[in-house]
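Just below is one structure, and these are the notes that go with it.
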Amino acid sequence: MTTSGRPSFRPASLAPETTPEGKTPRHKYEPAQIEPVWRSRWKKSKLFEVRDPKPGELVDKYYVLEMLPYPSGRIHMGHVRNYSIGDVIARFQRMRGKHVLHPMGWDAFGMPAENAAIERGRHPADWTHENIATMRAQLEPLGFSYDWSRELATCEPEYYKWEQLIFTRMMEKGLAYKKSAIANWCTRCETVLANEQVEDGKCWRCGSEVQQRELDQWFLRITRYADELLEGLEALKGGWPDQVLAMQRNWIGKSFGARIRFLLGDETKKVAGDASADGLDVFTTRADTLLGVTFVTVAPEHPLARAAATSGPNAAAVQAFVQKMSKLRDLDRAADDAPKDGVFTGLHVKHPLTGAEVPVWVGSFVLMGYGTGAVMAVPAHDSRDFAFAKQHGLPIKVVIKPALPAGAPAPDAATMTEAFTEYGVMFGSGEFDGRPSDEGKKLVAAKLAAMKLGEETTSYRLRDWLVSRQRYWGCPIPVVYGEDGVAMPVPENELPVLLPRDVQITGEGGSPLVRHPTFSKAKDPRDPSKPARRETDTFDTFWESSWYFLRYCSPHYDKGPFDPEVAGAWMPVDQYIGGIEHAVMHLLYARFFHKVLIDLGFLPRGAAREPFKSLLTQGMVCMQTSYVKDAKGMPLWLYPEQVDENGKARAPGYEGLPVETGRVEKMSKSKKNVVDPDAMVAKYGADTVRIFMLFASPPEAELVWSEAGIEGAYRFLSRVFRTIRDILALPKTAPAIEPSGEATALRCKLHQTLQRVTTDIGERRQFNTAISAMMELVNELVPATAKVAAGTPSPGLVDALKESAELLVQMLSPFAPHLADELWSTMEGEGFLLARAWPKVDEDAAREDHVEIGVQINGKVRGRIRVAKDATEETALALAREEASIAAHLGDKKPKKVVYVAGRILNVIV
RNA sequence: GCCGAAGUGGCGGAAUCGGCAGACGCCCCCGAUUCAAAAUCGGGUACCCGAAAGGGUGUGUGGGUUCAAGUCCCACCUUCGGCACCA
């Protein structure tokens with residue numbers, strides 16, 4: 001474990017230090033002695049339980065929420081960091097007099113439970129419940145202020161029953177629907193995935209290849225909310241990180257353009273049949289280039305391409321091409337350097353303005369999932385169309401030329417080597433000649449609209465959310481199919497559709513629910529005498545996390561998913577904290593759900609439409625990797641405890657081998673660069689672990705775990721402990737009528753510290769600087785205490801020290817709650833600090849009337865002077881001249897100009 | 001390619017409104033204490049020149065605005081993150 005090369009020390013297990021006289025001192029900072037005591041007192045007094053606001057009651061509420069964990073087996077340092085941040089905020093807000101909701105629960109459905117079943121023969125329910133018990137027990141020693149009476153696990157019927165109800169309501173409103181579509185299929189997980197869950201063509205969870213399959217699946221109409229989800233981001237500015245807002249904006253991908261209709265030629269009409277009866281629609285953002293169209297290109301999956309493949313004049317070639325494309329992996333088709341393959345359909349459409357015959361091609365680069373699945377090709381002004389035209393020898397027609405400089409020549413179609421994609425001035429476009437592009441876009445769209453051949457429109461990248469999963473360990477989709485194939489919601493009084501326990505989980509042959517003897521057998525709700533088939537798919541587990549924050553508001557409510565009044569009173573979440581990895585998926589789904597739940601009447605109409613007012617995305621917890629090289633020079637990763645003090649391995653089989661130091665990476669089991677929270681708490685105590693997590697980096701940045709760093713955190717708390725012990729031991733002195741300068745200065749520092757800590761937690765959410773402010777204070781308390789103990793204290797100093805001890809303990813309590821309550825109990829303090837009000841800053845004491853300011857000569861600092869904060873320029877200048885270092889530079893030169901900002905700077909220009 | 005964030009000592013980082021760059025911590029060095037060590041306490045610690053006093057340089061690079069720039073403006077470089085044949 002030791003990385004610093006010297007033996008690590010173990011405070012909790014050390015024998016008590018001895019004094020020269022051989023006596024055991026009464027007090028020593030021993031977290032293992034302090035912490036369990038306080039946690040049991042907190043628990044006994046139900047300190048963290050919070051009652052719901054009564055109807056109509058005006059409470060100053062504050063909802064702090066940390067993203068709900070998946071019960072994977074053990075807590076890791078990333079969790080500890082997340083929850084330490086949340087706990088500081090929760091405790092601080094409570095002390096500030098807020099009515100704080102701070103819950104915790106478990107995101108209990110999901111794939112790993114099924115994998116455990118396959119690998120270890122454990123039932124997913126048992127595995128999950130055991131993990132929850134383990135992780136809850138691991139969280140306990142950290143002293144987080146959760147209201148455990150609100151704990152929930154999403155795999156319980158009391159929870160998922162309500163999402164089944166929500167689903168049936170969504171069906172009624174057309175927000176949930178079933179369609180056959182080309183879906184992302186993960187071969188390893190044997191299930192479909194939503195678009196958001198495909199990263200780089202691979203499954204977000206297991207990293208294996210994703211294929212395209214056409215399947216009948218349930219979707220949620222998130223696209224109906226695309227505009228609101230986009231516009232809602234505006235209101236979140238300031239509260240959410242820019243990065244997350246940008247990622248969501250990106251994902252929604254709204255673009256303005258026009259839908260343009262190309263009517264079909266006669267022979268094309270015959271081939272197309274029903275497929276494109278009304279003509280071929282394309283989407284473009286550059287309607288100004290319409291007169292530069294030399295062909296149109298459709299996606300291989302486009303109905304017209306399919307029609308052309310069966311009965312078109314070039315059917316054989318089209319058929320071959322379409323088949324080839326369907327076999328290509330999406331990743332290859334979308335690759336940057338993928339060739340612009342295509343084939344001519346033999347069909348033609350009519351140009352909406354000129355009526356000219358325009359050939360229809362099928363192109364590999366056209367995506368069925370975006371716009372209309374067909375594009376008008378303007379090779380002169382679109383780089384993809386340009387490449388396609390060059391590759392297939394298609395004509396190029398230039399219709400836009402640069403606007404600046406005036407009279408600049410248009411690109412030459414014969415010699416241009418790349419498309420001219422910038423905006424410019426239209427030409428070769430009849431009545432539109434001379435118009436700038438942006439104006440032209442509107443004019444062309446308007447003309448088409450008048451001809452009923454097009455209109456301005458918007459297009460989104462966002463697709464509807466595919467929620468069916470062919471998995472066992474999830475919430476059953478509450479649907480039955482009649483003999484006629486009609487899909488019907490399970491009637492409300494029959495909910496929940498329980499997930500059966502008696503299943504064989506083998507990992508083969510698809511979902512165990514399909515093979516279950518009775519699960520799929522149901523009755524037709526229209527006529528119970530007729531049989532029906534029950535849906536065997538379960539929900540995407542992002543369902544559960546899309547509304548859990550509402551369930552926490554009234555976790556035992558049994559008349560609906562949550563009590564609308566109570567949820568209305570608690571929501572929105574004031575501070576949400578979690579990992580950046582959920583920037584798109586979870587946070588987009590949850591925003592969508594919250595809006596839907598209001599619109600379905602589950603929440604009061606007037607509820608805030610955005611569920612999370614403020615979002616903090618904490619950085620990853622990282623650690624140096626260590627390894628030895630095997631015979632082939634490949635790294636064999638080592639756990640930190642497998643490296644001894646001399647940099648040699650002590651892993652079995654590699655004893656004594658020299659250890660190489662690898663990169664600093666996110667803590668992961670595969671690289672073995674992990675430390676166990678349990679072990680760290682046992683070694684240093686929870687308070688130290690928490691302080692280190694918050695001090696080492698600002699919350700949004702990555703945090704590098706270091707043994708030396710956590711020892712520093714332990715040292716700080718020990719110092720606090722000793723100093724306060726020593727201050728309390730000082731004999732009381734008579735109140736000072738005229739406090740000494742020393743005493744006044746200390747009180748000033750004290751209240752400035754309190755001020756800083758208050759704004760750092762409450763407004764800036766920057767905990768590292770709050771802790772460093774307290775460290776500075778302690779650095780002043782230590783020598784002052786020693787000085788008082790050694791001699792006669794100056795008037796008021798003892799009082800100032802005692803006040804410092806009291807306030808410091810209160811400031812520290814959100815960070816190191818056990819130690820703070822312990823120290824508080826040794827003062828005259830009563831009860832728990834959490835139940836006390838956050839201390840008030842003594843503004844008068846914090847105000848400094850004299851400050852040290854820098855004196856610059858020609859902008860360079862040459863000395864510093866101590867002046868009254870409101871001193872005049874003359875006073876400051878006179879004082880500066882007395883300073884030898886400044887006088888030397890100033891000589892007897894006359895100042896040309898003097899800039900003086902009271903309390904900040906004096907700059908003399910000579 | 002587009003969007004976003006960030007570049008500050010040996011390291012993590014601070015500087016909140018344009019006003020003394022490097023707070024606080026780690027590492028390292030010196031001293032006190034100790035039989036000795038640990039712990040603790042005190043001191044030092046951006047870089048360069050200098051014995052010192054002192055001087056010079058310095059917040060990714062190059063310009064600019066200003067009495068004054070880590071902070072504002074312009075151009076660029078690098079790193080990280082997201083999206084990406086999105087029409």
Side-chain angles (χ1 to χ4, degrees), chain A residues 4-7 9 11 14 17 20 28 199-200 241-251 253-255 257 282-286 289 297 333-338 340 363-367 369-378 382-385 387-388 421 459-461 580-581 583-584 692 695-698 700-704 706-713 715-716 718-719 722 756 759-760 763-764 766 768-776 778-779 782-783 786 852-856 858-864 885 888 896-901 903-909:
Chain A
S4 56
R6 59 193 177 80
F9 76 120
L14 264 186
E17 62 187 340
K28 171 179 170 6
E199 295 170 349
D200 264 344
D242 288 345
Q243 189 189 176
V244 176
L245 295 176
M247 283 164 77
Q248 295 224 343
R249 204 176 300 122
N250 228 321
W251 191 264
K254 182 176 188 174
S255 64
V282 302
F283 174 76
T284 180
T285 55
R286 290 297 300 272
T289 64
T297 319
R333 220 178 109 183
D336 250 352
D337 50 354
K340 297 270 180 295
S364 61
F365 67 96
V366 183
L367 307 174
Y370 184 77
T372 60
V375 297
M376 62 180 214
V378 188
D382 181 280
S383 49
R384 294 152 302 183
D385 296 340
F388 193 85
T421 57
S459 190
Y460 299 88
R461 211 186 81 98
I580 187 76
E581 65 272 21
V584 175
F692 175 70
F695 177 67
S697 291
E700 315 237 340
E702 81 174 25
L703 181 147
V704 182
S706 98
E707 194 75 8
I710 192 161
E711 287 185 15
R715 262 200 295 277
F716 167 62
S718 304
R719 216 162 132 86
R722 283 195 310 268
R756 277 178 64 186
T759 52
D760 279 355
E763 287 159 41
R764 302 209 310 150
Q766 201 165 305
N768 53 334
T769 51
I771 294 170
S772 71
M774 290 186 280
M775 286 174 167
E776 281 183 53
V778 172
N779 287 346
V782 169
E852 199 171 61
I853 65 167
V855 180
Q856 301 179 329
N858 292 337
K860 278 191 197 296
V861 180
R862 296 297 180 181
R864 42 206 57 174
S885 59
K896 212 190 283 175
K897 183 176 179 184
V898 177
V899 178
Y900 173 66
V901 182
R904 289 200 186 269
I905 200 88
L906 174 67
N907 190 2
V908 184
I909 314 301

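The model shown is predicted, which means the values in this text are computed figures rather than measured ones. Throughout, a chain's letter reflects where its sequence line sits, starting with A, and its residues are numbered from 1.
- Under the Watson-Crick or G-U wobble criterion, with both distances below 3.5 Å, B:C17 is left unpaired in every strand shown.
- The partner of B:G10 is B:C26, judged by Watson-Crick or G-U wobble contacts that both fall below 3.5 Å.
- Remark: P of B:A38 and NZ of A:K28 are 16 Å apart, rounded to the nearest angstrom.
- Across the C1' atoms, B:U45 and B:A23 are found 15 Å apart, a figure rounded to whole Å.
- Considering only the side chain of A:F695, B:G25 comes nearest among B:A68, B:A23, B:G25.
- Comparing A:M247 and A:D242 by the nucleotide of RNA chain B that holds the closest heavy atom to each, the one mapping nearer the 5' end is A:D242.
- An OP1 or OP2 oxygen of B:A87 is reached within less than 4.0 angstrom by no side-chain nitrogen or oxygen of A:K340.
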Next item on the list: For A:N779 and A:R719, run side-chain hydrogen bond (donor to acceptor under 3.5 Å, both in side chains): C-alpha distance rounded to whole Å, both residues' side-chain angles, the deciding distance at 0.1 Å, then the answer.
Entry: CA-CA 9 Å; A:N779 287 346; A:R719 216 162 132 86; 2.7 Å; yes
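- Nucleotides B:U71 and B:U65 have their P atoms positioned 15 Å apart, rounded to a whole Å.
- The nucleotide whose nearest atom lies closest to any side-chain atom of A:A708 is, among B:C27, B:G4, B:C67, B:C27.
- Taking only side-chain atoms of A:A246, from C-beta outward, the nucleotide of B:G4, B:A14, B:U40 with the closest atom is B:G4.
- The residue A:N858 sits apart from the nucleic acid: no heavy atom pair falls under 4.0 Å.
- Distance from the side chain of A:R756 is smallest for B:U16 among the nucleotides B:U16, B:C20, B:A87.
- Across all strands, A:G712 comes closer than 4.0 Å only to sugar-phosphate atoms, never to a base (heavy-atom distances).
- Between A:R722 and B:C41, a side-chain N or O to OP1/OP2 separation shorter than 4.0 Å is present.
- Atoms OH (A:Y900) and C1' (B:G19) sit 12 Å apart, rounded to a whole Å.
- Looking at the side chain of A:R461, the nearest of the listed nucleotides B:C41, B:A84, B:G4 is B:A84.
- Using atom P as the reference point in both B:A21 and B:A46, the two lie 14 Å apart (nearest Å).
- When heavy atoms are screened at a 4.0 angstrom cut-off, A:K860 is found touching the sugar-phosphate backbone but no base atom.
- Of the listed nucleotides (B:G13, B:A23, B:C41), B:G13 has the atom at the smallest distance from the side chain of A:A701.
- Residue-level contact check: A:R719 touches the backbone only, with heavy atoms under 4.0 Å from sugar-phosphate atoms and none from bases.
- Here the side chain of A:N250 is nearest to one of B:C24, B:C83, B:C26, namely B:C83.
- When the nucleotides B:C67, B:A14, B:G42 are ranked by their closest atom to the side chain of A:Q766, B:A14 comes out on top.
- Atom P of B:G50 sits at a distance of 30 Å from the matching atom of B:G12, rounded to the whole Å.
- Separation of the P atoms belonging to B:G22 and B:C47 is 14 Å when rounded to the nearest angstrom.
- Going from the C1' atom of B:A15 to that of B:A32 covers 34 Å, rounded to whole Å.
- Distances from the side chain of A:I905 to the nucleotides B:G19, B:G81, B:A14 place B:G19 closest.
- Nearer to the 5' terminus of RNA chain B, by closest-nucleotide assignment, is the contact made by A:R904 (compared with the other of A:R862 and A:R904).
- Comparing B:U40, B:A14, B:C85 by their nearest atom to the side chain of A:T769 picks out B:A14.
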Got a list of protein N/O to nucleotides 49-51 of chain B N/O distances below 3.5 Å?
none

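- Nucleic acid contact for A:S255: sugar-phosphate only, since backbone atoms but no base atoms lie under 4.0 Å from a heavy atom of the residue.
- Comparing B:G19 with B:C2, their P atoms are spaced 34 Å from each other, to the whole Å.
- Residue A:P698 is classed as a sugar-phosphate contact, given heavy-atom separations below 4.0 Å to backbone atoms only.
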